[in-house]
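Chain letters run A, B, ... following the sequence lines, proteins first, then strands; residues in each count from 1.
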Amino acid sequence: MWCFFVSGPRKDLMAEQEEDRHLKLAGDLDCIPEPLPTLRHSTSHVMAQAVKQLFPEVRVAIGPAIEDGFYYDFRRATPFTPEDLARVEARMRELVKADLPFVREEWARAEAIRHFKEQDEPFKVEILEGLDVPAVSVYRQGDFLDLCRGPHVRSTRGIKAFKLLSSSGAYWRGDERNPMLQRIYGTAWLTQEDLDTYLWRLEEAKKRDHRKLGRELDLFDFHDVAPGAPFWLPNGMILVRELEKFAREHLDARGYQEISTPLLIHKRLWEESGHWEHYSEHMFKVEVEEEIFTLKPMNCPPSTFVYRRALRSYRDLPLRFSEMGRCHRNERSGTLTGLVRVRQFTQDDAHIYCRPDQLQAEIVGILDLVREWYKTFNLQPTFKLSTRPEKKLGAEAQWDAAEHALAEALKVTGLAYDLNPGDGAFYGPKIDIYVEDVLGRSWQIATVQVDLVMLPERFKLEYIDRDGQPKRPVAIHRAIFGSYERFIGILTEHFAGAFPTWLAPVQARVLPVSEKHLEYARVVFARLREARIRAELDDRNEKLGYRIREAQVRKVPYMLVVGEREAQNGTASVRRRTGEDAGAIPVERIVSDLAAEIGSRSATLTVGRSA
RNA sequence: GCCGGGGUAGCUCAGAGGCAGAGCAACUGAUUCGUAAUCAGUAGGUCGCGGGUUCAACUCCCGCCCCCGGCUCCA
């Protein structure tokens with residue numbers, strides 16, 4: 001997987017693993033033998049029981065516990081409607097009340113196959129036929145029996161706090177060539193409080209949806225003439241620009257050199273890199289005078305031209321080329337989602353070319369950046385080291401050195417990390433960085449990939465070493481925001497649109513109490529403008545309360561109310577968007593406090609708090 | 001791409017084979033207001049796009065586009 005910096009949220013991982021376990025029945029159990037997964041697993045059985053009772057024509061597939069809940073897949077001619085779900089849930093509550101014990105039985109495999117054939121449950125038969133074991137276990141509660149390795153709660157009575165959430169199509173065994181089944185998702189918790197908290201979180205996530213906030217705050221727009229590509233509105237463009245400025249300041253200070261490579265690239269380059277063979281279906285192609293060009297889907301091959309332009313000495317290394325690289329990937333239409341899954345995006349990309357002995361120090365430098373940057377946004381990063389996969393290129397010794405460099409870099413930086421053996425790219429090991437947002441959702445944004453072979457070998461990159469001999473440099477691909485689009489989507493949800501002042505499209509809004517105070521309001525407004533503070537003057541003919549509400553809804557960090565008293569004293573009454581009234585403060589102090597808060601990129605509102 | 005649900009005013013949404021609707025926003029006027037919505041009036045539409053059925057289509061049928069929830073994909 002080359003240069004693939006943008007990938008989906010981690011929430012799906014667990015579902016996949018659960019599904020795998022069910023299908024392969026490779027472990028000893030069907031869910032983690034802890035109270036919550038067990039409870040959810042049992043709840044899915046009860047759901048299947050209820051569905052079978054209400055809709056006997058339905059055939060059952062599988063039903064694992066997943067993060068935050070469970071699902072069960074059914075074959076049914078028509079999808080489940082919300083009314084169906086309500087009936088199923090009501091029946092489940094009856095089954096819970098009935099206090100049916102979960103009973104485990106051991107059956108011979110052949111016996112199980114015969115039973116499920118009799119029951120006309122083809123999916124169960126298919127699972128059983130794929131098993132290479134003499135005996136299997138089944139679980140029974142009341143009139144429902146399912147192939148399952150458990151564990152389960154003692155009785156349906158153990159299920160208390162649950163709710164069915166949605167239904168949708170899902171392929172049998174997750175393969176799109178297989179028939180589409182109907183999946184019902186639900187959630188289950190140990191206590192009603194936990195369930196309520198979870199449901200609140202879902203509601204909160206809806207309110208924070210960046211697509212909704214993007215519209216409400218005039219950040220960006222989408223149009224059907226450009227699916228998967230945002231139109232940045234003035235407010236949203238401020239976010240882009242502030243992030244770019246932030247990145248450039250840090251990169252300049254760390255010896256990165258910014259470059260920019262063409263968007264439109266002849267297919268020849270991708271043939272050379274190998275992408276044409278494996279990736280061309282994702283590339284947008286453009287015919288120019290009978291030649292095929294592509295919109296670049298990644299920046300790495302183009303960036304090698306910058307390296308190759310000159311004969312490099314060991315003394316030149318490391319070379320750190322950063323690029324705000326605009327990429328296009330032809331993602332399947334059904335996968336596009338707001339800013340977090342797009343066809344056009346801008347990576348905060350960089351390719352570092354270094355000597356093998358410099359690798360560790362470079363990784364340390366990148367990890368420092370990651371830590372520093374995410375701290376600014378109050379995002380908690382976690383690190384995952386992925387090591388050599390089975391199918392790989394490059395010598396063992398190179399891999400040893402690279403994996404060692406990554407692990408040591410993590411240790412030197414004092415970072416805890418998880419190991420993900422075998423999950424590296426075929427051309428080198430990598431560190432993926434996940435962030436958890438304020439709602440506890442996990443996203444993979446940053447990635448640091450060591451490239452031992454891809455760019456260096458394919459493009460025959462060289463430097464002249466101390467001994468006068470040409471050597472291959474090591475390349476590092478890295479992105480920290482991942483892409484500006486996705487990062488802004490995540491930030492929007494993380495902050496619920498209430499961006500720190502340095503990012504806020506409008507940092508302060510001046511509100512004259514009435515027309516009589518407009519003249520002074522203009523003075524205050526001009527002063528803020530002069531100090532390069534993004535200010536607005538709300539001189540509309542509306543009551544103060546109306547304009548306060550409006551500013552509040554727009555999440556403007558500071559409202560500066562000016563009336564008779566303020567005009568006389570050269571002050572403004574500061575109201576924070578948190579609702580706090582900071583009282584009347586001299587305008588000059590507001591300006592200097594604001595400048596300090598913006599300059600330090602503080603995540604908290606500090607104006608009026610200084611001594 | 002697949003399954004399902006949608007697309008009606010800038011936004012949120014109602015309507016439904018026979019004159020296109022509401023609230024908010026916008027605009028105009030009145031009001032001159034002290035910390036989350038002042039009052040009145042005016043204007044606003046290719047009912048996603050294209051075809052078909054019909055005396056008549058926003059409404060029914062067919063095709064397409066886009067969005068939403070999932071699935072799949074994310075060498």
Provide, to the nearest angstrom, the distance between the CG atom belonging to A:L213 and the C1' atom belonging to B:U12.
15 Å
Between atom CD1 in A:I184 and atom C1' in B:C3, what is the gap in whole Å?
14 Å
State, without any angle test, whether A:E323 and A:T261 hold a side-chain donor-acceptor pair at a distance under 3.5 Å.
yes
Under a 3.5 Å cut-off for both distances, is B:A40 Watson-Crick or wobble paired, and to whom?
B:U28
With a 6.0 Å cut-off (strictly less than), is the heavy-atom count around CD of A:E216, excluding the residue itself, greater than 12?
yes
Work out how far the P atom of B:C47 is from that of B:C58, and round it to whole angstrom.
7 Å
In terms of the nearest nucleotide of RNA chain B, which residue is placed more toward the 5' end: A:V561 or A:D224?
A:V561
Distance below 4.0 Å between A:R211 side-chain N/O and B:G69 OP1 or OP2
yes
For B:A25, take OP1 and OP2 only and decide whether either is under 4.0 Å from a side-chain N or O of A:Y546.
yes
Going by purine N1 to pyrimidine N3 plus the second Watson-Crick contact, or the G-U wobble pair, all under 3.5 Å, which nucleotide sits opposite B:G63?
B:C49
Using the P atom as the reference point in each nucleotide, state the distance between B:U54 and B:A14 in Å, no decimals.
32 Å
Would you classify A:E564 as touching base, sugar-phosphate or nothing, given that sugar-phosphate means primed atoms plus P, OP1 and OP2, and contacts are heavy atoms under 4.0 Å?
base
Donor-acceptor pair under 3.5 Å: do we get one between A:Y171's side chain and the base of B:C3?
no
Heavy atoms under 4.0 Å, any strand shown: does A:G338 hit a base, just sugar-phosphate, or nothing?
sugar-phosphate
Taking A:R609 first and then A:E580, would you say they form a salt bridge - that is, a charged N and a carboxylate O separated by under 4.0 Å?
yes
What is the distance from CE of A:M180 to P of B:G4, rounded to the nearest Å?
8 Å
Ion pair present between A:D538 and A:R554, side-chain N to carboxylate O less than 4.0 angstrom?
no
Between A:R540 (CZ) and B:C33 (P), how many Å, whole number?
19 Å
In whole Å, I'd like the distance from the CD atom of A:E542 to the C1' atom of B:A25.
11 Å
Which whole number of Å gives the distance between the C1' atom of B:C61 and that of B:G17?
13 Å
Taking the six-membered ring for Trp, is the centroid-to-centroid distance between A:H517 and A:Y520 below 6.0 Å?
no
Side-chain donor or acceptor of A:E566 under 3.5 Å from a matching atom on the base of B:G34?
yes
Check the surroundings of atom CZ in A:R326: do more than 12 heavy atoms from other residues, nucleotides or ligands lie under 6.0 Å from it?
no
Which whole number of Å gives the distance between the C1' atom of B:A25 and that of B:A43?
13 Å
When the C1' atoms of B:C60 and B:U53 are considered, how many whole Å apart are they?
8 Å
Checking all strands, does A:S166 fall into the base, sugar-phosphate, or nothing category for heavy-atom contacts under 4.0 angstrom?
nothing
So, is A:K516 close to the B:C33 phosphate, meaning a side-chain N or O under 4.0 Å from OP1 or OP2?
yes
With the side chain of A:K543 defined as its heavy atoms from C-beta on, choose the nearest nucleotide among B:U12, B:C33, B:A36.
B:C33
Considering every strand shown, what is the Watson-Crick or G-U wobble mate of B:G69 when both distances are under 3.5 Å?
B:C3
Classify the nucleic acid contact of A:G545 as base, sugar-phosphate or nothing, counting any heavy atom under 4.0 Å across all strands shown.
sugar-phosphate
Remember a base hit wins even if backbone is also touched, and classify A:R565 as base, sugar-phosphate or nothing at under 4.0 Å, heavy atoms.
base
Once you round it to whole Å, what is the distance between C1' of B:U72 and CZ of A:R341?
10 Å
NA contact type, A:S573, heavy-atom cut-off 4.0 Å: base, sugar-phosphate, or nothing?
base
Considering only the P atoms, how many Å lie between B:U8 and B:G15, rounded to the nearest integer?
14 Å
Would you say the side-chain atoms of A:Y427 and A:Q449 include a donor-acceptor pair closer than 3.5 Å?
yes
Between A:L336 (CG) and B:C68 (P), how many Å, whole number?
8 Å
For B:G23, the nucleotide meeting Watson-Crick or G-U wobble distances (both under 3.5 Å) is B:C11
Upstream residue (5' side of RNA chain B) when A:A170 and A:V562 are each assigned their closest nucleotide
A:V562
Spacing of the C1' atoms in B:G48 and B:C66 (rounded, Å)
7 Å
I want to check one thing: is the phosphate of B:C71, taken as OP1 and OP2, less than 4.0 Å away from some side-chain N or O of A:Y185?
yes
Can a side chain N or O of A:R177 be found less than 4.0 Å away from OP1 or OP2 on B:U72?
no
Nearest to the A:P79 side chain among B:G4, B:C33, B:C73, which nucleotide is it?
B:G4
Side-chain N or O of A:R173 less than 4.0 angstrom from OP1 or OP2 on B:C71?
no
Pairing partner of B:G34, by Watson-Crick or G-U wobble and under 3.5 Å for both distances, is none
Nearest whole Å is fine: how far is B:C74 C1' from A:D432 CG?
13 Å
Does any donor atom in the side chain of A:S573 or A:E566 lie under 3.5 Å from an acceptor atom in the other side chain?
yes
Which whole number of Å gives the distance between the P atom of B:G50 and that of B:A57?
14 Å
Identified pairing partner of B:A57, criterion: Watson-Crick or G-U wobble below 3.5 Å:
none
